[in-house]
Protein chains: 2
Amino acid sequence: MNDNDLKRAGLSATQPRRLILDLLQQNPEAHLSAEEVYRRLLEQGETVGIATVYRVLGQFEKSNLINRHQFDGTTSVYELNQGKHHDHIICNECGRVVEFIDEEIEQRQRNIAEQQGFHIDSHLLYIFGHCTNPNCRYKP
Amino acid sequence: MNDNDLKRAGLSATQPRRLILDLLQQNPEAHLSAEEVYRRLLEQGETVGIATVYRVLGQFEKSNLINRHQFDGTTSVYELNQGKHHDHIICNECGRVVEFIDEEIEQRQRNIAEQQGFHIDSHLLYIFGHCTNPNCRYKP
DNA sequence: TCAATATTGATAATAAATCCCAAGTATTTT
DNA sequence: AAAATACTTGGGATTTATTATCAATATTGA
Ligand SMILES: [Mn+2]
Ligand SMILES: [Mn+2]
Ligand SMILES: [Zn+2]
Ligand SMILES: [Zn+2]
């Protein structure tokens, strides 16, 4: 039961919130858009309004249950926050997303920010390319 | 005259293109949204349709005369391409944008991509924070 | 249980960007 | 230089992702 997670986040345990958090906890590796969350709930026979999906995802983000990304500049995707920060490589051809964390890059960022008189709140690093995965629909 | 730059980019020298490229060349340090470009042209007494501003900025981006960024996830901003790649630190309070380039970060990215079986097309690194600039409207 | 409070979801509204196409401009040909 | 051709413009309509509104419904603490 994820009612506890909701409580801890200061959110009452409503059906839509349960369903959406469940979906994301069941797919901890996924990066899903609001529409995708909506579709999957429909597929499992649950009816939640699309407005509610957007609203709840926003609440989850604010309370740090999930993280939001914008790989393509038009649509946000959300992933379960598993505690450890990471950055992303995205294949422009097949859409595959690979996660990585590089302590050297993290450290350089801190140095640069300090040098420039900034205190870092967050950062965002996306590497875009094409992958050599056999499943990739890219044809050279 | 920047007609030559337009020619080199394979674009005919029309009045809107001249005006927009001029504006960006006159402000090589600026990161302007389409609406801001539009407003500034109006301010200088020039009338260019907003649809044209968007269209021309798109053409300029495609032909590499300018670069596009999305610091805030909702609105694109454009800057003159001065040949040298750089990344950005953005102040969440005052909006100040500082540019930097760190060869060590660039190199790490190449290593990571290779390790993961990717060929890099581009990347995007924004550091968000708050600055200690006296002009910053942030109050601790 | 029940009243007080919070949440939902259908629909309307918004904002950035793109599409459409008739009228206008630039370029090429004669 | 004029005519012919090809490309471009700009006003308005359209799209797309997301947010706002608000009456109906669900949750919760007493
Ligand atoms: Mn991720
Ligand atoms: Mn810049
Ligand atoms: Zn791929
Ligand atoms: Zn600042």
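Listed nucleotides: C:dT18, C:dA6, D:dA17. Nearest to the side chain of A:T75: D:dA17. Residue B:S12 has its side chain nearest to C:dT27 when only D:dT19, D:dG10, C:dT27 are considered. Among C:dA16, D:dT9, C:dT8, the nucleotide with an atom closest to any side-chain atom of A:V56 is C:dT8. For B:Y54, counting side-chain heavy atoms from C-beta on, the closest listed nucleotide (D:dG10, C:dA10, C:dT18) is C:dT18. Closest contact between the side chain of A:R18 and the listed nucleotides D:dG12, D:dT27, C:dA17 involves D:dT27. In this structure, the nucleotide among C:dG9, D:dT9, C:dA17 sitting nearest to the side chain of B:T52 is D:dT9.
For B:F71 and B:H31, the ring centers are positioned less than 6.0 Å apart.
The 5' end of DNA chain C is approached more closely, in terms of each residue's nearest nucleotide, by B:R68 than by the other of B:A13 and B:R68. Nearest-nucleotide mapping onto DNA chain C: of B:K7 and A:V48, the residue sitting toward the 5' end is A:V48. Toward the 5′ end of DNA chain D lies the nearest nucleotide of B:G10, the other residue of the pair B:A51 and B:G10 mapping further downstream.
When the C1' atom of D:dT9 is taken as reference, atom CG of B:L11 falls 14 Å away, rounded to whole Å. For the pair A:Q15 CD and D:dT28 P, the interatomic distance rounds to 11 Å; values are reported in whole Å. A:I20 places its CD1 atom 12 Å from the C1' atom of C:dT7, with the value rounded to the nearest Å. Between A:Q59 atom CD and D:dT18 atom C1' the separation is 15 Å, expressed in whole Å. Rounded to whole Å, atom C1' of C:dT14 lies 13 Å from atom CD of B:E35. Across the protein-nucleic acid pair, B:K62 atom NZ and C:dT18 atom P stand 11 Å apart, rounded to whole Å. In this structure, B:D72 atom CG and C:dA17 atom C1' are separated by 14 Å, rounded to whole Å. Straight-line distance from the CG atom of A:L57 to the P atom of D:dT18: 10 Å, rounded to whole Å.
At the heavy-atom level, A:R17 lies under 4.0 Å from the strands shown only through sugar-phosphate atoms. If you check every strand for non-hydrogen atoms under 4.0 Å, B:S33 touches nothing.
A salt bridge links B:R39 to B:E43: at least one charged side-chain nitrogen sits closer than 4.0 Å to a carboxylate oxygen. Salt bridge status for B:E103 with B:R110: present, with a side-chain N to carboxylate O gap under 4.0 Å.
A 4.5 Å side-chain heavy-atom check between A:D3 and A:R18 finds at least one atom pair inside the cut-off.
Residue B:S76 places no side-chain N or O under 4.0 Å from the OP1 or OP2 atom of C:dA16. Here B:T74 does not reach the OP1 or OP2 of D:dT18: none of its side-chain N or O atoms lies under 4.0 Å away. Put simply, A:R55 has a side-chain N or O that comes within less than 4.0 Å of OP1 or OP2 on C:dT8.
The aromatic rings of B:H86 and B:H88 lie perpendicular to each other, with more than 60° between the two planes, well past the 30° mark. Between B:F128 and B:Y126, the two ring planes are perpendicular [angle over 60°; tilted spans 30° to 60°].
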